[in-house]
Amino acid sequence: MGRTDRSVNGVVNRAVTDLGGYIRAQRDTAQISLRQLAKRAGVSNPYLSQVERGLRRPSAEILQQIAKALRISAEALYVQAGIMEPRSGGPVAEAILADTELSERQKQALIDIYTSFRRENRPDAEAVSPEKGVDGGTTVSTEGIGSEFEE
């Protein structure tokens, strides 16, 4: 085994361990026992325990089942497992994706809004006309929203 092979294996092993810790943290946050999560995800208790301890690397399909059982984004687990690259948006997008009280649709809407605000505030962003959004689509006027709070 060459030096590169060892470093790649180290990254994969670290990702699996981090994934297991992430799943355990999400399970603890949701106040679900290992047994309950295993049942909801359709996997065995020993298998899930091995995943949490970083001894097993679950497939994308199993990750999706675990995410559904935890009521979190499968994308968040894919990123933790190293299957997917994280979306741009940094820690805000990650926090939104990790929130167990939001639906997938709500998470996507928040990320879309956040991304559009970031795009709008870039120093190199082109001027946007009131009728057209950053991506050329029609925007909704927000004029007057919140005006009752202005002094």
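Here the OG1-CG distance, from T29 to L70, works out to 9.5 Å after rounding to the nearest 0.5 Å. The line from CD of E75 to CD of E104 is 8.5 Å long, rounded to the nearest 0.5 Å. In this structure, K107 NZ and L110 CG are separated by 10.5 Å, a value rounded to the nearest 0.5 Å. Distance CD1/I23 to CG/D18: 11.5 Å, rounded to 0.5 Å.
Crowding of Q64 atom CD: a count of heavy atoms from other residues, nucleotides or ligands under 6.0 Å not exceeding 12.
Side-chain contact, S49 with R53: a donor N or O sits under 3.5 Å from an acceptor N or O.
Closest approach of D99 to E101, counting heavy atoms only: OD1-N, 2.7 Å.
Counting only heavy atoms from C-beta outward, the side chains of L77 and P58 never approach each other to under 4.5 Å. Residues Y22 and I72 form a side-chain contact, since some pair of their non-hydrogen atoms from C-beta on lies under 4.5 Å apart.
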Quiz: residues 35-47 side-chain donor-acceptor pairs under 3.5 angstrom, not counting sequence neighbours:
| unit_1 | atom_1 | unit_2 | atom_2 | d |
| --- | --- | --- | --- | --- |
| Q36 | OE1 | S33 | N | 2.8 |
| Q36 | OE1 | S33 | OG | 3.3 |
| S44 | OG | Y47 | N | 3.2 |

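Q50 is linked by a side chain to side chain donor-acceptor pair (under 3.5 Å) to R56, counting only residues two or more places apart in sequence or in another chain. Looking at residues two or more places apart in sequence or on another chain, you find a side chain to side chain donor-acceptor pair (under 3.5 Å) between S103 and Q106. Residues satisfying the side chain to side chain donor-acceptor pair (under 3.5 Å) criterion with S73, sequence neighbours excluded, are absent altogether. Residues passing the side-chain contact (heavy atoms from CB on, under 4.5 Å) test with A60 are Y78, I83, sequence neighbours excluded.
No path of Ile, Leu, Val, Met, Phe, Trp and Tyr side chains, each step under 4.5 Å between heavy atoms, connects I113 with V92, placing them in separate hydrophobic clusters.
The salt bridge (charged side-chain N to carboxylate O under 4.0 Å, His left out) contacts involving residues 21-34 comprise R24-E52, R27-E52, where partners must be two or more places apart or lie in separate chains.
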